[in-house]
Amino acid sequence: MKTGSDSGNDPLALETAKKTPILRRLDHRPINIHESEIIAFCCVRNERVRLPYFLEYHRSLGIDRFMVVDNASSDGTTDYLLLEKDVHV
C-alpha cells in the first residue's frame, strides 16, 4: 500500500500531477469567515442561466457564502459570479 510519503516515487502519480490543472482565485474580496456562517462549495460549468435561481434558492435555505470552482465556463458564468458579493470564485 502506498502512502502520501512514498507516492513521489510513482511515475504514474507524477505524470498525473503534471496534468492536473492549477486552481487560481478570480475574485479579490477578503474571505473573513465567521464560525457561524454556512458555506456552500460547488463546481460549475456553463450554468449562467441557472445561477440566479440556484443562488436565490440556497440563500433562502440559509447559505451565507458560496465557494465556487468554475470549470472553464464560456457562457458568462464567471462574470456573473464575480458580481455576487457572497460568492468567491
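- Phe54 and Phe66 have tilted rings, their planes meeting at an angle from 30° to 60° on a 0 to 90° scale.
- With sequence neighbours excluded, the residues that form a salt bridge (charged side-chain N to carboxylate O under 4.0 Å, His left out) with Arg25 are Asp27.
- The backbone N or O of Asn71 sits less than 3.5 Å from a side-chain atom of Arg45, completing a donor-acceptor pair.
- A donor atom on one side chain and an acceptor atom on the other are not found under 3.5 Å apart for Arg29 and His88.
- To the nearest 0.5 Å, atom CG of residue Leu51 and atom SG of residue Cys42 are 8.0 Å apart.
- When all heavy atoms are compared, the tightest approach of Ser36 to Asp64 is O-OD2, 4.1 Å.
- Taking 4.0 Å as the cut-off between side-chain N and carboxylate O, Glu84 and Arg59 count as a salt-bridged pair.
- Counting side-chain heavy-atom gaps under 4.5 Å among Ile, Leu, Val, Met, Phe, Trp and Tyr, the cluster of Ile31 also holds Ile33, Ile39, Phe41, Met67.
- Atom CG of Asp86 is separated from atom NE2 of His58 by 12.5 Å, given to the nearest 0.5 angstrom.
- Asp79 CG to Asp70 CG: the interatomic distance, rounded to the nearest 0.5 Å, is 9.5 Å.
- Hydrophobic cluster membership is shared by Leu26 and Val68, with clusters built from Ile, Leu, Val, Met, Phe, Trp and Tyr side chains linked at under 4.5 angstrom.
- Judged by distance alone, with hydrogens and angles left aside, the side-chain atoms of Glu47 form no donor-acceptor pair with the main-chain N or O of Val44 at under 3.5 Å.
- Under the rule for a side chain to side chain donor-acceptor pair (under 3.5 Å), His28 has no partner lying at least two apart in sequence or in another chain.
- Without hydrogens or angle criteria, Asn46 side chain to Asp75 main chain gives a donor-acceptor distance under 3.5 Å.
- Looking only at distances, a side-chain donor or acceptor of Ser60 sits under 3.5 Å from a matching main-chain atom of Tyr57.
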